[in-house]
Amino acid sequence: MQTFWLALLGLLLSGYFVLGGYDLGVQLLHSFMKDRDAALGAMAPFFLGNEVWLVAFTGVLFGAFPHLEGSLLSGLYPLVVAILVGLVVGNTAVQLRRRTRRGRRWWQALIVAGGTLPAVCWGLVVGLLLHGVPRLADGSFHIGAGQVLTPFVLACGVSVALLFASHGAAFLALRSAPDLAVRARRAGTTLVGAAGAAAVLALVLTLLGVGASMTNPLTSAPLTGLLATALVAAWWSLSRGHRIRAFAATCCATVVPVLLVGAGQHPYVLATKAGAGLSVAEAAADGTTLQILTAFGVVLIPTILAYQAWSWWAFRARTASSYF
């Protein structure tokens, strides 16, 4: 039962990284797109709806893993607040930018900030979880500026932000009008290469002993290879105009960081640099609670999947700028 809920938690976060990731990526690219209305219009049918995955992830975290929630959110409080502030600012700016002619440049800057801040902070969170965080004598975990401002964690922050940006570019290449799609495809090719370079830096730091501290290296190695393969496939597809393949490859690449944290650190959900930490059994709720929650889970997940499938089918055609 604990493994099932851990897998479900990973599925929900992966869904958010894939679907919410291109929302953040489009906002990141906002200043660089010539037709900004069309860029926002491409994601308009799915805007805000993709964040259902984040809400569901938070609900499962609070309900099924209360001990992880207590340790994780208290230690990552500044980064969590920054993510939420970025989401609120970005969503507000997207909605209000066309309702007034005054200060439109400020709204555009806030759109970019609303995409950049959550993307970078998610990368920092991934980097911290991969690197390992100190555990105090009372069993709590301490995360301070000294843990965040390390070369490996910063490299992860940059890598994930660039990955989301390239994912947003692949999404625009898939969904927008031909002129914008060409520009997005060219930008995506550059961004995928930059994301790969940042990921290589994180890998080199790991090999030098100052990067990730994985409890399951035999699982982590194939996942790292999967990330490299997905980035190469995305670059090749974007450079040759294969829009669907490129978007599928960036989708795969955005899932890998979640898999590295979940599978690479198993059986720990919050690991230390020494390879110990908070195990799945220690973090999970009791068996009775998990059984009760299962009744909600078997209804919630199919509903979310059905809604996402319907929305993509209903808005499968290329979109225009009239949405925003």
Any pair with a residue in residues 284-295 that passes side-chain hydrogen bond (donor to acceptor under 3.5 Å, both in side chains), sequence neighbours left out, goes on the list, sorted by first then second residue, please. Trp5-Thr294, Asp286-Thr289
For the CD atom of Gln265 and the CE atom of Met214, what is their distance to the nearest 0.5 Å? 4.5 Å
So do the side chains of Leu19 and Gln308 get within less than 4.5 Å of each other, counting heavy atoms only? yes
How many angstroms lie between CG in Leu54 and CG in Leu61, if you round to the nearest 0.5 Å? 10.5 Å
Can you find a heavy atom in the side chain of Leu9 that is under 4.5 Å from one in the side chain of Phe57? yes
Do the non-hydrogen side-chain atoms of Leu40 and Met43 ever get within less than 4.5 Å of each other? yes
First locate atom CH2 of Trp236, then atom CG of Leu231, and finally report the distance between them rounded to the nearest 0.5 Å. 15.5 Å
Transitively linked via ILVMFWY side-chain contacts under 4.5 Å: Leu180 with Val112? no
Got Phe32 and Arg183 here, is their nearest side-chain heavy-atom distance under 4.5 Å? no
Looking at CD1 of Ile111 and CG of Leu29, how far apart are the two atoms once the value is rounded to the nearest 0.5 Å? 12.5 Å
Residue that, paired with Val255, satisfies side chain to side chain contact (heavy atoms under 4.5 Å, CB included) out of Leu11, Val18, Leu13: Val18
Are Leu84 and Val148 connected, step by step, through hydrophobic side chains (Ile, Leu, Val, Met, Phe, Trp, Tyr) whose heavy atoms are closer than 4.5 Å? yes
Do you know which two heavy atoms are closest between Ala169 and Gly188, and how far apart they sit? CB-CA, 3.5 Å
Show me the donor-acceptor pairs within less than 3.5 Å that the side chains of residues 119-131 make with the rest of the protein, sequence neighbours left out.
none

Using the ring pair (Phe, Tyr, Trp, His ring centres under 6.0 Å) criterion, which residues pair with His67? Sequence neighbours excluded. none
Phe62 reachable from Val55 in the ILVMFWY side-chain graph, under 4.5 Å edges: no
Return the set of residues passing side-chain contact (heavy atoms from CB on, under 4.5 Å) with Val232 (not counting sequence neighbours), or none when no residue passes. none
Sub-4.5 Å side-chain heavy-atom contact between His266 and Thr215: no
Those residues at least two apart in sequence (or on a different chain) that pass side-chain contact (heavy atoms from CB on, under 4.5 Å) with Thr189 are Trp235, Leu238, Ser239
For residues 41-51, the side-chain hydrogen bond (donor to acceptor under 3.5 Å, both in side chains) pairs (sequence neighbours left out) are Tyr22-Asn50, Asp23-Asn50, Glu51-Asn91
Report the residues that fulfil side-chain contact (heavy atoms from CB on, under 4.5 Å) with Val81, sequence neighbours left out, ordered by chain and then residue number. Tyr77, Val85
How far apart are the closest heavy atoms of Ala173 and Ala184, and which atoms are they? N-CB, 3.9 Å
Qualifying residues under side-chain contact (heavy atoms from CB on, under 4.5 Å), relative to Ser279, sequence neighbours excluded: Tyr268, Ala281, Glu282
Tell me who clusters with Leu207, hydrophobic residues only, linked when side chains sit under 4.5 Å apart either directly or through other members. Leu203
same_hphob_cluster(Val26, Trp53) at 4.5 Å side-chain heavy-atom cutoff: yes
Taking CZ in Arg186 as the centre, count heavy atoms belonging to other residues, nucleotides or ligands within less than 6.0 Å. Is the count above 12? no
Is there a donor-acceptor pair under 3.5 Å between the side chain of Thr206 and the backbone N or O of Ala212? yes
Does anything in residues 216-228 form a side-chain hydrogen bond (donor to acceptor under 3.5 Å, both in side chains)? List the pairs, not counting sequence neighbours. none
Closest heavy-atom contact between Val258 and Ser14? CG1-OG, 3.5 Å
Atom of Arg243, atom of Leu174 and distance for their closest heavy-atom approach: NH1-O, 3.0 Å
Contact summary for Ala263 and Leu223, nearest pair of heavy atoms: CB-CD1, 4.2 Å
Sub-4.5 Å side-chain heavy-atom contact between Cys156 and Phe152: yes
Same cluster or not: Leu117 versus Leu110, using hydrophobic residues (I, L, V, M, F, W, Y) connected whenever any side-chain heavy atoms lie under 4.5 Å apart? no
Which pairs count as side-chain hydrogen bond (donor to acceptor under 3.5 Å, both in side chains) when at least one residue sits in residues 151-174, sequence neighbours excluded? His167-Thr250
Evaluate the criterion side chain to side chain contact (heavy atoms under 4.5 Å, CB included) for residue pair Phe4 and Leu290; output intermediate values, then yes/no. CA-CA 10 Å; Phe4 166 78; Leu290 293 180; over 6 Å; no
Atom CD1 of Ile244: over 12 foreign heavy atoms under 6.0 Å: no
How long is the straight-line distance from CG of Leu24 back to CG of Leu163, given to the nearest 0.5 Å? 11.5 Å
Using 0.5 Å steps for rounding, measure from the SG atom of Cys251 to the CZ atom of Phe17. 13.5 Å
For Pro151 against Leu205, the heavy-atom pair lying closest together: C-CD1, 3.7 Å
